[in-house]
Amino acid sequence: MLKLLTQEDVKENWEQYKVILEQAFTSSEGTYIMAGEGSEDIYKVIYNKLTNPFSHDMDLWSEGERDYLVLTQIQVSDITEKQTLLLFSATRTEEVDKDTLIERYYEAYQTISKFAREKNCEGMYCYSDLDY
């Protein structure tokens, strides 16, 4: 089951999460477009957003024994002021069988959708090269 990671967990395990995010941002064309060159600055920004106690617009999620790592960001439109949830990065940290893929995708979708509704988001934007 996909779970929201705490700020303490992010601080304690950042080096591990950062490596996984770096792999996700450079492993596919779509995430490369989102993350650009993947410079060190982007990871500093992500870390600061995830650990800032006064800002809750970016969250990191993990599934089970960290089989999946998902980065989400709540965005507010400058024009309509409506909120959307951007699934910024999602990556598997190890290979799993097809049935497990389907089950985890369904569970993750339910969890992230519920979170988006609780945060008053009007919709979600997601991109992934993963073979769900």
Q.
Testing the basics here: between Met58 and Leu50, what is the closest heavy-atom pair and its distance to 0.1 Å?
A. O-CD2, 3.6 Å

Q) Who are the side-chain hydrogen bond (donor to acceptor under 3.5 Å, both in side chains) partners of Trp61, not counting sequence neighbours? A) Thr72

Q) Under the 3.5 angstrom rule, does the side chain of Gln83 hit a backbone N or O of Lys119 as a donor-acceptor pair? A) yes

Q: Kindly compute the distance separating CD (Glu22) from CD1 (Ile20), expressed to the nearest 0.5 Å.
A: 10.5 Å

Q) Looking only at side chains, do Asn13 and Asp9 share a donor and an acceptor under 3.5 Å apart? A) yes

Q | Cluster check Leu4, Leu85: I/L/V/M/F/W/Y, side chain < 4.5 angstrom | A | yes

Q: Would you indicate whether Tyr47, at its atom OH, is surrounded by more than 12 heavy atoms from other residues, nucleotides or ligands within a distance under 6.0 Å?
A: yes

**Q.** Minimum heavy-atom distance between Ser62 and Leu5, given as atom pair plus value
**A.** CB-CD2, 3.8 Å

Q: State, yes or no, whether a side-chain contact exists between Trp14 and Ile46 at a heavy-atom distance under 4.5 Å.
A: yes

Q) Say you draw a straight line from OH of Tyr17 to CD of Glu12; how long is it, rounded to the nearest 0.5 Å? A) 8.5 Å

Q | Pairwise distance OG1(Thr111) to CD(Glu107) - rounded to 0.5 angstrom | A | 7.0 Å

Q: Report yes if some heavy atom in the side chain of Gln110 is under 4.5 Å from a heavy atom in the side chain of Phe115; otherwise report no.
A: no

(Q) Under 4.5 Å between side-chain heavy atoms, counting indirect links through other Ile/Leu/Val/Met/Phe/Trp/Tyr residues: same cluster for Val19 and Leu21 or not? (A) no

**Q.** For Glu118, salt bridge (charged side-chain N to carboxylate O under 4.0 Å, His left out) partners two or more places apart
**A.** Lys114

Q: Side-chain contact test, heavy atoms from C-beta onward, threshold under 4.5 Å: evaluate it for Leu69 versus Leu60 and give yes or no.
A: yes

Sequence neighbours excluded and cut-off under 3.5 Å, please list the side-chain donor-acceptor pairs for residues 73-82, or say none.
| residue | atom | partner | partner atom | Å |
| --- | --- | --- | --- | --- |
| Ser77 | OG | Ile79 | N | 3.1 |
| Ser77 | OG | Thr80 | N | 3.1 |
| Ser77 | OG | Thr80 | OG1 | 3.2 |
| Thr80 | OG1 | Lys82 | N | 3.2 |

Q: For the residue pair Cys121 and Thr84, establish whether any side-chain heavy-atom pair is separated by less than 4.5 Å.
A: no

